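The figures here come from the full heavy-atom set of this structure, side chains too, leaving out hydrogens, waters and symmetry mates. Nothing here was measured: the structure is a model prediction, and the numbers come from that model.
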Amino acid sequence: MNQSNSSVRRMAALALLIAIILVMSYTPLGYLQIGPIQMSLLTIPVAIGAVVMGPGDGAILGGVFGLTSLFSAISGRSAMGTAMFSINPLACFVVCVVARVLMGWGTGLIFKALHKAMPKKEKLNCALAGLLAAVFNTIFFMGSLVLFFYQTEYIQNLVTSLHVSNPFAFVAVVVGLQGILEAVLCCIITCAVSVPLRKLWSK
């Protein structure tokens with residue numbers, strides 16, 4: 001395949017994944033409200049793009065995911081996001097957008113490293129990348145949330161209501177079961193979709 005056709009194919013695939021993220025963001029599959037935070041399955045198309053197309057496109061898709069999260073905060077669709085935006089809009093941007101860009105980029109880098117180390121373990125590599133995409137999303141989102149907002153009145157009220165005494169316990173309680181479910185789903189679906197797509201992508 002020549003460079004021009006490859007570029008067109010990449011742009012078409014990127015546009016399709018962006019469209020999927022945007023559609024999911026306006027359906028119950030995109031953001032599921034569980035407790036004080038929203039569980040998101042938007043990590044899945046980001047992970048698929050990062051695995052199939054590389055870390056750069058993973059970062060772009062993560063940025064789109066992050067912008068939908070920021071829009072939820074600005075529009076009032078997310079109670080926690082709206083509270084963060086009212087307290088510190090710039091820090092809210094970092095939590096919502098920058099964290100997701102890092103997630104997509106990191107997932108692509110991890111997959112490249114896994115593929116280099118285990119070139120014959122395609123399914124395992126895709127599954128691990130999907131799993132780590134969800135883990136990265138949790139680490140970067142909750143890490144930046146604690147860094148910028150843990151001492152605010154809004155988060156401290158949550159800390160009191162959840163009966164926890166430190167940031168680590170707060171993250172564990174808030175993430176909880178939905179974080180595990182998100183990771184499992186991202187692992188399974190990313191593997192199931194990325195393996196055949198990578199075969200097509202290499203032709």
Side-chain angles (χ1 to χ4, degrees), residues 11 13-50 53-109 130 132-159 167 170-171 174-176 178-179 181-183 185-186 189-190:
M11 293 303 295
L14 193 60
L16 177 60
L17 287 169
I18 289 173
I20 290 172
I21 290 172
L22 294 176
V23 169
M24 286 180 67
S25 71
Y26 287 99
T27 67
L29 284 178
Y31 293 102
L32 305 177
Q33 190 69 43
I34 302 176
I37 67 169
Q38 292 176 319
M39 170 184 162
S40 177
L41 299 183
L42 295 178
T43 50
I44 295 171
V46 176
I48 291 170
M53 301 164 64
D57 289 324
I60 292 171
L61 293 167
V64 175
F65 169 20
L67 288 173
T68 68
S69 179
L70 182 64
F71 178 75
S72 292
I74 295 172
S75 64
R77 292 174 60 196
S78 166
M80 178 177 283
T82 301
M84 288 192 298
F85 188 79
S86 67
I87 295 168
N88 188 332
L90 181 58
C92 182
F93 177 84
V94 173
V95 174
C96 293
V97 181
V98 176
R100 272 53 184 269
V101 170
L102 291 174
M103 179 270 291
W105 181 65
T107 300
L109 289 178
L132 288 171
V135 172
F136 285 158
N137 185 52
T138 298
I139 290 173
F140 291 134
F141 178 84
M142 293 303 298
S144 55
L145 173 68
V146 168
L147 177 64
F148 291 111
F149 293 101
Y150 187 74
Q151 297 301 330
T152 64
E153 182 180 358
Y154 178 81
I155 297 299
Q156 286 302 306
N157 287 338
L158 279 179
V159 168
F170 170 71
V171 170
V174 169
V175 173
Q178 66 262 32
L181 179 60
E182 181 181 331
L185 288 174
C186 194
I189 298 174
T190 298

Task: Heavy-atom side-chain proximity of Val95 to Phe148 below 4.5 angstrom - done: yes

Task: Spacing of Met84 atom CE and Tyr154 atom OH [to the nearest 0.5 Å] - done: 8.5 Å

Task: Nearest heavy-atom neighbours spanning Ala91 and Asn88 - done: N-OD1, 3.1 Å

- [ ] Determine the minimum heavy-atom distance between Pro167 and Val146, stating which atoms define it.
- [x] CB-CG1, 3.8 Å

Task: Thr82 to Arg77 - nearest heavy-atom pair and separation - done: OG1-N, 4.4 Å

Task: Inter-residue atom distance Leu158.CG - Gln156.CD, 0.5 Å rounding - done: 9.5 Å

Open item on the list: Can a donor-acceptor pair be found, under 3.5 Å and without considering hydrogens, that links the side chain of Asn137 to the backbone of Ala133?
Closed with: no

TODO: Could you tell me which non-hydrogen atom of Thr43 sits nearest to which non-hydrogen atom of Glu182, and how far apart they are?
DONE: CG2-OE2, 3.5 Å

Open item on the list: A side-chain contact here means heavy atoms from C-beta on lying under 4.5 Å apart; do Met80 and Phe149 qualify?
Closed with: no

Task: The single option from Val46, Leu67, Leu16, Ile44 passing side chain to side chain contact (heavy atoms under 4.5 Å, CB included) against Ile21 - done: Val46

Task: Separation between CG of Leu145 and CZ of Phe170, rounded to the nearest 0.5 Å - done: 5.5 Å

Open item on the list: To the nearest 0.5 Å, what is the distance between CD1 on Ile20 and CD1 on Ile48?
Closed with: 7.5 Å

Task: Nearest non-hydrogen partners of Gly81 and Cys92, listed with the distance - done: O-SG, 3.9 Å

- [ ] Quick one: closest heavy-atom pair of Pro45 and Leu17, and the distance?
- [x] O-CD2, 4.0 Å

Open item on the list: Once rounded to the nearest 0.5 Å, what's the spacing between atom CZ of Phe136 and atom CH2 of Trp105?
Closed with: 10.0 Å

Task: Nearest-0.5 Å distance that lies between atom OG in Ser69 and atom CZ in Phe141 - done: 6.0 Å

